[in-house]
S.K.: 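Starting off with a structure, shown below.
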Number of protein chains: 2
Amino acid sequence: MRRRTILDVAERAGVSVGTVSNALNRPEIVAEKTLASIQAAIDELHFVPSAAARQMTGARNPAIGLIVLDIGNPFFAEVYRGVEDVAGEAGYVVVVCSFAGDPAHERRQLRQLEEQRVAGILATRVGKGNSRVYGRMRKTGTPVVMLDQRSASKDQCSVSVDDVAGGRLAGEHLCELGHRRLALVNGPRDWSQCADRRTGFLAAAEAAGAQLLAGADIEAEQMTIDAGEEAARKLLAGEQLPTGIFCANDLLALGVEHALIAAGHRVPEDFAIVGYDDVAFATMAFVPLTSVRQPAYELGRRAAEQLLDEADDEKHKHERVVFAPELVVRASTGAAIDAAPDRSPIRA
Amino acid sequence: MRRRTILDVAERAGVSVGTVSNALNRPEIVAEKTLASIQAAIDELHFVPSAAARQMTGARNPAIGLIVLDIGNPFFAEVYRGVEDVAGEAGYVVVVCSFAGDPAHERRQLRQLEEQRVAGILATRVGKGNSRVYGRMRKTGTPVVMLDQRSASKDQCSVSVDDVAGGRLAGEHLCELGHRRLALVNGPRDWSQCADRRTGFLAAAEAAGAQLLAGADIEAEQMTIDAGEEAARKLLAGEQLPTGIFCANDLLALGVEHALIAAGHRVPEDFAIVGYDDVAFATMAFVPLTSVRQPAYELGRRAAEQLLDEADDEKHKHERVVFAPELVVRASTGAAIDAAPDRSPIRA
DNA sequence: GCGGCACTATGAAGCGTTTCAAATTCTTGT
DNA sequence: ACAAGAATTTGAAACGCTTCATAGTGCCGC
């Protein structure tokens, strides 16, 4: 079936194309019965207007891009939910680009978004060599809001969480529990979030006189469960074993925990673990995970709001929102037993 | 900065627009040095061609839509990964629409995709009242491939897993372990996957002489952790308690497990639980989850391949691929202890 | 019965590309 | 130096829609 155009509809309804266009966009100015016959024609012909043609005449593309590292990470899925709720409300569609850490892939996706003339972009990370692309987009009028990372300059919006504070929270918690031999399982340090968490963590450790063990300052390439398991094996192979481990996200932490337990160690008795993000699964883990919580959904909402405001409002004011992280203590640091009761025979 | 057009580039480079277009799309037919000066002009002006204008002239929109219930479900995230890998390879962009079960939202997203003239759509579920929309799309030449559910008619592609078999697997497993009082925590039954899993489960139960307890045939509206917790509370409030529980996905199962344990019950001693999907987190659960595995990534890949084939190949042949599910036994049915060793003091 | 007014409908221009037949320029062989 | 052919470039039409100045219609009160 040939694709129908507005002209087909006009002919069928016996009116001009202008009138059909009006019926579509400003129905209030066209007469009742004209409207009815046009609607009938549209239905009969299964007409669906072309977004491309509409865009040609100056309309904005009601879509925004969301660039995330990995949508399989529940943290980003939650951020997405916040974005989607705001964008959907405003009639926008969200194009998720999950580039899995590959800068070339990211560049390709960005290019697509740029050609599509999306109304704006939410970036949770700027891959190596791609900051120029973002710069170009902003110059040509496509707003870019930094999500989960603070923008470097004042003339760009960002919604983030204080990662240095988050790292410190984790460090202080472990130190307060008496841990002096620490390990860090981090993600790529060229990602500002990871660098910041590390900074905060090290500061807390130093303040408490604890130290990061040599060889226990791991920088995993991916921030996944698998990478966490591998990191745990590395830790176990070290000369000296840590007792407190801070992981830069919950996926890594879950992997670390799983690998340690599989190797016959106990959590938290042998190793205390702190994760980051407080994803829903942290609660249900084999040993429920202590984690630094970020308000993911809210992060997504605020960022989307800022983006749409910048896209729509001529006199938009840039803003850099910073949320405070929050420590959620669970069994993996032994400081508390989560909702789940102890299952040892003693109590059974 | 005003948006630059191909005309600006042409002027700057001192050639005609046609030549610029050629340089962009068929560089092999334009002279070396012309190419160079055009490239220079493009760079200087930060020119990025408009996808809309290109589409106007007949080019296809290199995008495909992926409709999922909830991208926060790791199962769908994994499916997405498969889709993205294939689509990205072919130069397509994937637009994820996670409509969270709201048919109106789904309709809105579909409409957008339709107006955008995407090259095709991957649908993991057809919401109530939206099947006509899909029908219209297919009539106007937009291929729609069913993902994770078998298409009703032979003239449409689908890639699915045999859900009846999956349900049966779960039922047989529980019955073999001696469970006779069963419960089912299902998702919306108007979703074919849920209906099928139930059918298989009931068949297995009947064959083994086991029964689904009255009031233990739960149909949750959402298939989330929260919904699982609520379902567990309902089960506990019933007159008779089941001993074997089958949940239609892992999120529900995780929720059920969590709520049961939080209420002081033991898994698998008091309640054996079987989930569905075998998401990565199932392994790391408080009590690692027995689950019916679906090849999520492969599902996504195959579906995307079919879709692109249908979109590109004139003489495409429809195909209905059905994968077989597979039972993965872990601690939640007590039939095996997963990688994680027993933590009871006896062994410690 | 007519001027004036409020509604409605019209149609052509314009948006940024691609395409393709036609025009132009360059090469080559003689 | 010239014709023929190859290589390159040109320019206008076409794509489907919105916009807006203009034209048309119908109704009111006098």
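A note on names: the letters A, B, ... follow the listed sequences, proteins ahead of strands, and every chain is numbered from 1.
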S.K.: Could you check how far CZ of Arg3(A) sits from C1' of dC17(D), rounded to whole Å?
M.R.: 15 Å
S.K.: Considering only NZ, NE, NH1 and NH2 on the basic side and carboxylate oxygens on the acidic side, decide whether Asp312(A) and Arg60(A) come within less than 4.0 Å.
M.R.: yes
S.K.: Does Asp190(A) pair with Arg125(A) as a salt bridge, N-O distance under 4.0 Å?
M.R.: yes
S.K.: What is the distance, to the nearest angstrom, from the CD1 atom on Ile29(B) to the P atom on dA6(D)?
M.R.: 16 Å
S.K.: So, are Arg111(B) and Glu114(B) salt-bridged, with charged N and O less than 4.0 Å apart?
M.R.: no
S.K.: Mind grabbing the angle between the end helix axes of the helix from dG1(C)-dC30(D) to dT30(C)-dA1(D)? Five pairs an end, 10° rounding.
M.R.: 30°
S.K.: I need the CG-C1' distance between Leu7(A) and dT18(D), as an integer number of Å.
M.R.: 14 Å
S.K.: Over all strands shown, is Ser50(B) touching base, sugar-phosphate only, or nothing at heavy-atom distances under 4.0 angstrom?
M.R.: sugar-phosphate
S.K.: What is the distance from CG of Asn25(A) to P of dC20(D), rounded to the nearest Å?
M.R.: 12 Å
S.K.: Do Arg301(A) and Tyr297(A) have side-chain atoms, one donor and one acceptor, less than 3.5 Å apart?
M.R.: yes
S.K.: Do Arg2(B) and Asp8(B) meet the salt-bridge criterion of a basic N to acidic O distance under 4.0 Å?
M.R.: yes
S.K.: Within residues 112-121 of chain A, which residues have any heavy atom lying less than 4.0 Å from an atom of DNA chain D?
M.R.: none
S.K.: If I take atom CZ in residue Arg4(A) and atom P in nucleotide dC15(D), what distance separates them, rounded to the nearest angstrom?
M.R.: 15 Å
S.K.: Which whole-number value in Å describes the distance from Gln55(A) CD to dG16(D) C1'?
M.R.: 13 Å
S.K.: Which is more 5' along DNA chain D, the nucleotide nearest Ser21(A) or the one nearest Ser16(B)? Just name the residue.
M.R.: Ser16(B)
S.K.: Does Thr19(B) place a side-chain N or O at less than 4.0 Å from the phosphate oxygens OP1/OP2 of dT10(D)?
M.R.: yes
S.K.: Give the first and the last nucleotide of DNA chain C, reading 5' to 3', that has any atom under 4.0 Å from a heavy atom of chain B.
M.R.: dG16(C) to dT19(C)
